[in-house]
Amino acid sequence: MKTITRILFLASLVVAFSCQREEDNIFEKSSTQRINEAVKEYTTILTTPENGWKMSYFPQTSQKFGGYVFLLKFDDKGNVTVASEIFDSDDTATSLYQVNQNAGVTLCFDTYNEIFTSFSDPSAPLAGDTGYGMEGDNDFLIVEASKDRVVLKGKKSGSYSVLEPMKSADWAGYLKSFQTKADDMTYTAFVLTGPDKSIKVSGSYRKMYFTCTDEAGESYEESSAYIFTDDGLKMYTPVEVEGLLLDEFKYDAKALKFVSTENPSIVITPYIAPIAETFMNGSWCIRYANLTGSFTKSCFDAGDAAFYKNTGLSLMYAYLCKGDDLISGYNSNWGFTTYTGQYAGGNGINVTKVADNKVSMVYDSTKNQGNGDTFASLGFTYYLNAFSNGTNPRTFTITTDNVKSPSWVRLVEDGNPDNDFTLYDEFETYK
Amino acid sequence: MKNIFRTTIFVLVAALCSIACSKEELNPESIFSDTLTTPQNKFDEWISQQITIPYNIQLKYRLEDKESNTSYNLAPAEFDKSVALAKLTKFLWLESYEELLGDSFIRQYCPKIMLFVGSPAYNASGSIVLGTAEGGMKITLYNVNSLNPYNLDIEFLNYWYFHTMHHEFAHILHQTKNFSTDFNLISLDYQSSSWVNITDSEALNMGYITRYASSEPNEDFVEIISTYITNTKQYWDNRVASASSEGQEKIKAKLDIVRDYLKTSWGIDMDTLRDIIQRRSNLVTGLDLTL
């Protein structure tokens, strides 16, 4: 009987084990069913908003170009229509998309789209090196999707982009006003200030680089990409810089500063270069019609007459700029750079900042290039007389329409109000 | 009695086990079942009817990262340009071989997948990849977006696409049937990746029909084929004549081996194939390259 008990006991174990082989499924449905359902659900979510989606697109692994607004409208036939703040506001481009199963549910922009693909195109149509471009993605993992918000992760870049339903049906109108605001808010240098801190910030594209100092006094760098919003800017993710938490900022257009929406004591103030510096780094078109001072006019009349008499030629373009800004192959010497339609020349001018709104200029023939020397001997010294009193400098006071991005600058010589001329940012012929 | 009892118990237990184990049935639905369908368009239909069914080739004009080389940054191909290139491919390439060798040859040896990529693939060395073939299975064509269907230029088409297609197809041929190793002994100064530093005329003088041919014997072999058949007789003769006499001799010796290989291994007469391709090339401007 003992044996029977043992056998029964053993048998019950065997039975127990054998039944253990049946495992409960963690998921009710198979992985295929689940992913297929997710694909369908996400496709429905993507195609639902009537006005499409507003995408905050951050290309590139380290988001070195920052973020840009794209508008996307997906239809149920597999077409996607795209617009973007970095193209003309009324431009759209349509191409194909699909939502499929890859490493998770993936949204693929798999045919070329003039607007969307500009970020992934390795021929670098907008920015970046050839072979790389802006390193945006064609394929995005859908990390999270609901009717109010879709989070995408670039499959190659790993950078996150967020889609939110577009409120307005008027894409072009929205983008046009967005572009104006973004232009206004674009700066290349800033200062970040907190309750007891002031940190220097440089900018490249839409990314800020903070020059920080640690407790030991060593300096180190933090960085954060950002995107413009309708009323300010927003960091790629909230970032802490020397204990200051940076996330969303509202732009105060009057005071020219970005104020943290969380903590108003945190402020990012743009740095605007003095007009003297902007003048020294810019390319300024000289037009005869804009030489308003009688002295300036007489210098140019004499120059035109002498040069024509000696050569039969006239100026077609005349600039105050770096040589290579106007003539390819020239070096970057700044000065009176000219082109007759046949011959080009550069007459070097040393320009120095005297005050934020004052510069002095003096002719420096050692910095001539191209036909500069020849031109100087054929009548150009008359033109140069307006900028430089022989080998002595002339000092000018500069006024402008817009210190941040001037479309013109007006120079009047100190002590000689008849030497008065206005230069434009636009490319125009001399006469 | 005891033994019978024991046996009975064993049988019962065994029966129980077998029942217990057979309870769970496998889910008949495969986890790989692909019930999802991307909406099909007119071009998909055209590919299916004109390429896939007759030639057993899958033409992928939509960029798929798993099909493409992820070490490059790539842009997808433009829809309209893919349509144009697909039609050109059928007319200039598939039908050329079909005309010469009948339809079973292409079906058997042609790569089974053709992938269109919009941008070129840029290498760090500054060179760009025109196309690649993988193990005879797949041909990838790059820079499809540079095609201008409204202003066809046969030289451009040859440079970017058809030279490449014939080049890659020739790789498949020699990967299927080896060519004589005598070929590898004609030139002994292959340049590997440094071919980019060689000029066209240097390559010719060294006995290579193109710069890329100087990289290694397999490339040399297929460059001879693709250069020969995508250009006119006059072009080939002039090109060879511009080489040094030493270069000319080498190119001629190589061409003899190539010609013999194609004839005996595949029944392809190079001159007939060239005539067919040239005749078709002259007709491309009259093709409707839209859907």
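Model, not experiment: these values are computed from the prediction. Every chain is numbered from 1, with letters handed out A, B, ... down the list of sequences.
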### Task
Working to the nearest 0.5 Å, report the span between OG of B/Ser68 and CG of A/Asp110.
11.0 Å
### Message
What part of A/Asn102 gets within 4.5 angstrom of chain B, counting heavy atoms only: side chain, backbone, both, or neither?
### Response
side chain
### Task
Check each atom of A/Phe119 against the heavy atoms of chain B and say whether the ones under 4.5 Å are side chain, backbone, both or neither.
neither
### Task
Any chance you could lay out the side chain to side chain contact (heavy atoms under 4.5 Å, CB included) test for A/Leu96 and B/Tyr61, step after step, and finish with the verdict?
CA-CA 11 Å; A/Leu96 303 180; B/Tyr61 65 95; 3.9 Å; yes
### Message
As an exercise: rank A/Ser123, A/Gly131, A/Ser120 by heavy-atom pairs under 4.5 Å with chain B and give me the winner.
### Response
A/Gly131
### Message
With chain A as the partner, which of B/Lys81, B/Glu78, B/Gln40 has the greatest number of non-hydrogen pairs under 4.5 Å?
### Response
B/Glu78
### Query
Looking at NZ of B/Lys66 and OG1 of A/Thr106, how far apart are the two atoms once the value is rounded to the nearest 0.5 Å?
9.0 Å
### Other residues, nucleotides, ligands: >12 heavy atoms within 6.0 Å of A/Tyr132 OH
no
### Query
Between B/Ser119 and A/Pro122, what is the shortest heavy-atom contact and its length?
OG-CG, 3.3 Å
### Message
Quick one, A/Thr94 and B/Phe79 - any side-chain contact, counting heavy atoms below 4.5 Å?
### Response
no
### Task
Side chain from CB out, backbone as N, CA, C, O: work out which of these in B/Tyr72 comes under 4.5 Å of a heavy atom of chain A, or both, or neither.
backbone
### Query
Tell me, do A/Thr117 and B/Pro76 make a side-chain contact under 4.5 Å, heavy atoms counted?
yes
### Query
Does atom CD of A/Glu28 have more than 12 heavy-atom neighbours from other groups under 6.0 Å away?
no
### Task
Using non-hydrogen atoms and a 4.5 Å limit, figure out which bit of A/Tyr97 sits close to chain B: side chain, backbone, both or neither.
backbone
### Message
Other residues, nucleotides and ligands only: do more than 12 of their heavy atoms fall within 6.0 Å of OH on A/Tyr160?
### Response
no
### Task
Verify the neighbour count for atom CD of A/Glu144: are there more than 12 heavy atoms of other residues, nucleotides or ligands below 6.0 Å?
yes
### NZ/B/Lys112: more than 12 non-hydrogen atoms of other groups inside 6.0 Å
yes
### Task
Please say which of B/Asp65, B/Leu74, B/Asn73 ends up in a side-chain contact (heavy atoms from CB on, under 4.5 Å) with A/Lys156.
B/Asn73
## Note on the structure
Honestly, the part of A/Asn138 sitting under 4.5 Å from a heavy atom of chain B is side chain
### Task
Tell me, for B/Asn123 versus chain A, whether the close heavy atoms (under 4.5 Å) come from the side chain, the backbone, both or neither.
neither
